[in-house]
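First comes the structure, then the notes that go with it.
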Amino acid sequence: IPASGLFREPRKDNWFFANAFTIVAGLIGFAVPITVGGDRLAYMATASDNDVPSGSYYTADTGSRAVKLEDGFGPGIVSREAADEDLGRRLWEKSVLLVG
């Protein structure tokens with residue numbers, strides 16, 4: 001999770017919780033700096049299909065600042081629901097109806 005202002009709106013209503021969460025997430029290591037999140041997205045978008053096949057889900061160990069495959073940013077395990085193509089199709093169709 002890039003520490004990117006995830007709680008912009010809640011911060012207006014609950015300043016203490018939103019800021020405490022951001023600090024704790026950074027200390028524990030499950031939030032990475034926004035630059036790392038951006039670098040990961042750039043890597044995914046520009047890597048060859050051999051390195052990052054289309055539709056891939058990549059992740060890194062908690063606290064890791066890895067950005068590339070050789071650094072430890074690589075294929076992750078997805079849930080059964082995320083791998084369910086029929087569920088994905090239904091979600092897509094529902095999204096089209098809602099968004100247009």
Side-chain angles (χ1 to χ4, degrees):
I1 300 174
S4 62
L6 177 66
F7 288 108
R8 270 186 292 260
E9 287 303 312
R11 199 169 269 136
K12 294 175 185 175
D13 297 327
N14 192 341
W15 179 89
F16 177 78
F17 173 76
N19 284 301
F21 179 85
T22 300
I23 291 168
V24 170
L27 291 173
I28 292 174
F30 68 83
V32 297
I34 190 110
T35 54
V36 173
D39 289 345
R40 288 176 176 174
L41 287 172
Y43 172 69
M44 298 288 288
T46 60
S48 72
D49 282 343
N50 289 334
D51 289 339
V52 181
S54 180
S56 296
Y57 170 73
Y58 273 38
T59 188
D61 291 337
T62 300
S64 171
R65 301 286 194 263
V67 173
K68 296 182 178 179
L69 191 60
E70 59 268 15
D71 300 330
F73 180 63
I77 298 170
V78 297
S79 68
R80 190 175 335 120
E81 295 84 3
D84 185 330
E85 290 186 22
D86 183 56
L87 184 60
R89 180 189 51 73
R90 292 190 342 248
L91 175 61
W92 180 262
E93 290 169 355
K94 184 66 126 178
S95 299
V96 168
L97 289 173
L98 293 171
V99 178

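Treat the numbers as computed from the prediction; the structure is a model and nothing was measured.
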Considering residues, nucleotides and ligands other than Glu70, do more than 12 of their heavy atoms fall under 6.0 Å from its CD?
->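 Yes, because the 6.0 Å sphere around CD of Glu70 holds more than 12 heavy atoms from other groups.
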
Does atom CD1 of Ile77 have more than 12 heavy-atom neighbours from other groups under 6.0 Å away?
->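 Not buried by this count: 12 neighbours or fewer within 6.0 Å.
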
Would you say Leu87 and Arg90 make side-chain contact, with heavy atoms under 4.5 Å?
->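 Leu87 reaches Arg90 side chain to side chain.
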
Does some side-chain heavy atom of Tyr57 sit less than 4.5 Å from a side-chain heavy atom of Pro75?
->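 Not touching, per the 4.5 Å side-chain cut-off.
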
Restricting to non-hydrogen atoms, name the atom on [X] and the atom on [Y] that form the minimum distance, rounded to 0.1 Å.
X     : Y     : value
Gly72 : Ala66 : C-CB, 3.8 Å
Gly37 : Val32 : N-CG2, 4.1 Å
Val36 : Val67 : CG1-CG2, 4.4 Å
Arg40 : Ser64 : NH2-O, 3.0 Å
Thr59 : Gly76 : CG2-CA, 3.6 Å
Ala47 : Val52 : CB-CG2, 3.5 Å

Spell out, as yes or no, whether a donor-acceptor pair under 3.5 Å connects the side chain of Arg89 to the backbone of Asp84.
->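 No; judged by distance alone, with no hydrogens or angles, the pair does not exist.
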
Could you give the distance from CG (Leu41) to OG1 (Thr46), rounded to the nearest 0.5 Å?
->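 Between atom CG of Leu41 and atom OG1 of Thr46 there are 10.5 Å.
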
Inter-residue atom distance Asp39.CG - Arg65.CZ, 0.5 Å rounding = 12.0 Å

Parallel under 30°, tilted from 30 to 60°, perpendicular over 60°: which one fits the rings of Tyr58 and Tyr43?
->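 Taking Tyr43 first and then Tyr58, their aromatic rings sit tilted (interplane angle of 30° to 60°).
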
